Amino acid sequence: MDFYQPEGSYRFSSDAVCTARYVCMTILEEFQKKQIKRPYLLMDIGCGCGVIGILVLQFFSELYPEYYPYLRVFGIEKEEELFRAAKYNAKQFGHERNYFVFQMDILKSESVSLLQNKVFEEIFIDTLPQQQNKDGGVLKNPRLFDFVVTNPPWYRAETKLHSVSQLRNTALFGNEDILQGFFAFGEKFLKKNASMVTVAKTACYMEFMNAMPKSIQITALQAVHKKIQQKAIFFILQGKYLSKAVFEILSPQIME
């Protein structure tokens, strides 16, 4: 798949592809186990040009078309150029009816109610009684999402690895507040036992663990290796909201 990426932006890499693979298999297991026949909502926070969400939709449309009509992906992106790129990519791959992308700053307080209303308008307005789900124009229960995935900035802002491109800097460099903000925003929308999945360089493991909200029980970790018998280059971390599931270390992904 040839994704359009704005010039000077962060070029998606193996981390996004491996994360999409993990998300696909996790969601597939849920569909098969629970026999889901309703809208299944996936949020991609900091979606960039839409790679992870669109790869998930492509997987289901090609291999499991019986589940595809129920899957809805909501991409959240702050940068105008990447927001437009995600919309373009969803359309060029034929997923515009299942992929919704919104431009917003998740660190602003009004973003939660804004996304609540957009989800209601796009998915539930014709299927649920309005008076039971809205209160003064805002959804009473924002916990409508079955899955949240995010690939937040990996590196601290004070490192010396900065790029000349502002879009790349925004995608790669942040601080503890930004990292916590990504996770906290997603946590507000998760149903009980719904998953949050993230990916990061192995050197950032403790920062990611510490930034995860206390309400998210870490349930799985998977190391990703470039080659067999080489050190892991990054990890995929899964947690569940208000879950009592036990923690598992999964078999590693090998990119060879």
Side-chain angles (χ1 to χ4, degrees), residues 1-32 36-104 106 115 118-119 121-124 126 144-152 165 167-168 170-172 182 186 189 194-199 224 234 236 238 253 255:
M1 298 175 70
D2 187 13
F3 284 86
Y4 165 66
Q5 301 174 87
E7 191 68 30
S9 68
Y10 172 69
R11 320 311 283 176
F12 82 89
S13 187
S14 54
D15 59 306
V17 177
C18 291
T19 303
R21 181 189 304 166
Y22 186 98
V23 171
C24 286
M25 301 313 299
T26 304
I27 293 177
L28 175 61
E29 183 179 356
E30 286 194 45
F31 269 107
Q32 293 176 332
I36 295 172
K37 300 293 183 181
R38 56 161 178 79
Y40 184 99
L41 274 56
L42 165 65
M43 183 192 304
D44 182 3
I45 305 174
C47 67
C49 60
V51 173
I52 293 178
I54 293 172
L55 285 176
V56 171
L57 289 171
Q58 191 71 21
F59 171 85
F60 279 93
S61 66
E62 291 184 1
L63 300 180
Y64 297 93
E66 66 272 29
Y67 301 133
Y68 178 79
Y70 302 106
L71 192 58
R72 300 289 187 274
V73 178
F74 286 77
I76 312 299
E77 178 54 51
K78 177 182 177 181
E79 303 295 336
E80 172 72 23
E81 291 180 77
L82 295 174
F83 160 74
R84 292 199 304 265
K87 289 191 70 172
Y88 173 84
N89 285 324
K91 186 174 182 179
Q92 77 158 329
F93 295 118
H95 300 300
E96 64 268 30
R97 293 188 177 182
N98 295 63
Y99 189 93
F100 308 89
V101 59
F102 303 113
Q103 185 184 12
M104 64 177 65
I106 63 169
L115 182 58
K118 287 184 179 295
V119 172
E121 291 165 3
E122 295 288 355
I123 304 298
F124 296 113
D126 294 327
L144 298 170
F145 278 81
D146 302 278
F147 208 106
V148 168
V149 61
T150 182
N151 186 354
S165 165
L167 279 178
R168 282 184 56 82
T170 301
L172 291 173
F182 270 69
F189 294 89
S195 290
M196 177 183 290
V197 167
T198 189
V199 57
V224 180
F234 55 88
I236 296 171
Q238 180 181 3
Q253 284 195 49
M255 292 190 293

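Source: prediction; values computed, not measured. These numbers come from the heavy atoms of this one structure, side chains and all, not from hydrogens, waters or symmetry mates.
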Problem set entry | Ring-ring centroid check His95 Tyr68, cutoff 6.0 Å | yes
Residue Glu66 excluded, over 12 heavy atoms near CD under 6.0 Å:
yes
Checklist line | Close side-chain approach of Leu71 to Phe147, heavy-atom, < 4.5 Å | finding: no
| task | Start with the C-alpha distance between Tyr22 and Val224, add both sets of side-chain angles, then the distance that settles side chain to side chain contact (heavy atoms under 4.5 Å, CB included), and finish with yes or no. | result | CA-CA 11 Å; Tyr22 186 98; Val224 180; over 6 Å; no
Distance col, row Lys87:NZ vs Phe102:CZ, nearest 0.5 angstrom, shows 9.0 Å
Practice task
Kindly determine whether Phe83 and Val101 satisfy side chain to side chain contact (heavy atoms under 4.5 Å, CB included), including the steps that lead there.
Solution key: CA-CA 7 Å; Phe83 160 74; Val101 59; 3.8 Å; yes
Judged by atom type as modelled, is there a donor-acceptor pair below 3.5 Å linking the side chain of Asn89 to the main-chain atoms of Cys49? yes
Rounding to 0.5 Å, atoms CD1 (Ile45) and CD1 (Ile76) come to a distance of 7.5 Å
**Item:** Side chains of Phe93 and Met1 in contact at under 4.5 Å (non-hydrogen atoms)
**Value:** yes
Tyr99 side chain near Cys47 side chain, heavy-atom distance below 4.5 Å: yes
All heavy atoms of Pro39 vs all of Asp146, minimum pair found to be O-OD2, 3.9 Å
- Query: Can you check whether Gly50's main-chain N or O pairs, donor with acceptor, with Glu77's side chain at less than 3.5 Å?
  - Reply: no
dist Met43:CE -> Leu144:CG (nearest 0.5 Å) comes out at 9.0 Å
Rounded to the nearest 0.5 Å, the CD1 atom of Ile52 sits from the CG atom of Asn151 at a distance of 5.0 Å
Heavy-atom nearest pair, Ala90 first then Ile54, reads N-CD1, 3.5 Å
- request: Say whether, by atom type as modelled, one donor and one acceptor occur between the side chain of Thr198 and the main chain of Thr150 under 3.5 angstrom.
  value: yes
>> When you measure from the side chain of Gln253 to the backbone of Cys18, do you find a donor-acceptor pair of N or O atoms at a distance under 3.5 Å?
In response: yes
dist Tyr70:OH -> Leu41:CG (nearest 0.5 Å) comes out at 14.5 Å
> With under 30° as parallel and over 60° as perpendicular, where do the rings of Phe59 and Tyr64 fit, or are they tilted in between?
Replying inline: tilted
Problem - Exam field: side chain Gln238 to backbone Val197, donor-acceptor pair closer than 3.5 Å - result: no
Taking the side chain as everything from C-beta on, heavy atoms only, tell me whether Leu28 gets closer than 4.5 Å to Phe60.
yes
query: Does the side chain to side chain contact (heavy atoms under 4.5 Å, CB included) test come out yes or no for Phe189 and Val119, once each step is laid out?
result: CA-CA 11 Å; Phe189 294 89; Val119 172; 5.9 Å; no
| query | Do the non-hydrogen side-chain atoms of Phe182 and Met196 ever get within less than 4.5 Å of each other? | reply | no
Between Pro65 and Pro69 the two heavy atoms that sit nearest each other are O-CD, 3.1 Å
N/O donor-acceptor pair under 3.5 Å between Gln103 side chain and Lys78 backbone: yes
In short, Val56 meets Ala20 closest at the heavy-atom pair CG2-O, 4.1 Å
Exercise. Going by the angle between their ring planes, with limits at 30° and 60°, are Phe74 and Phe145 parallel, tilted or perpendicular?
Worked result: perpendicular
One should read off an interatomic distance between Tyr4 OH and Gln92 CD, to the nearest 0.5 angstrom, of 11.0 Å
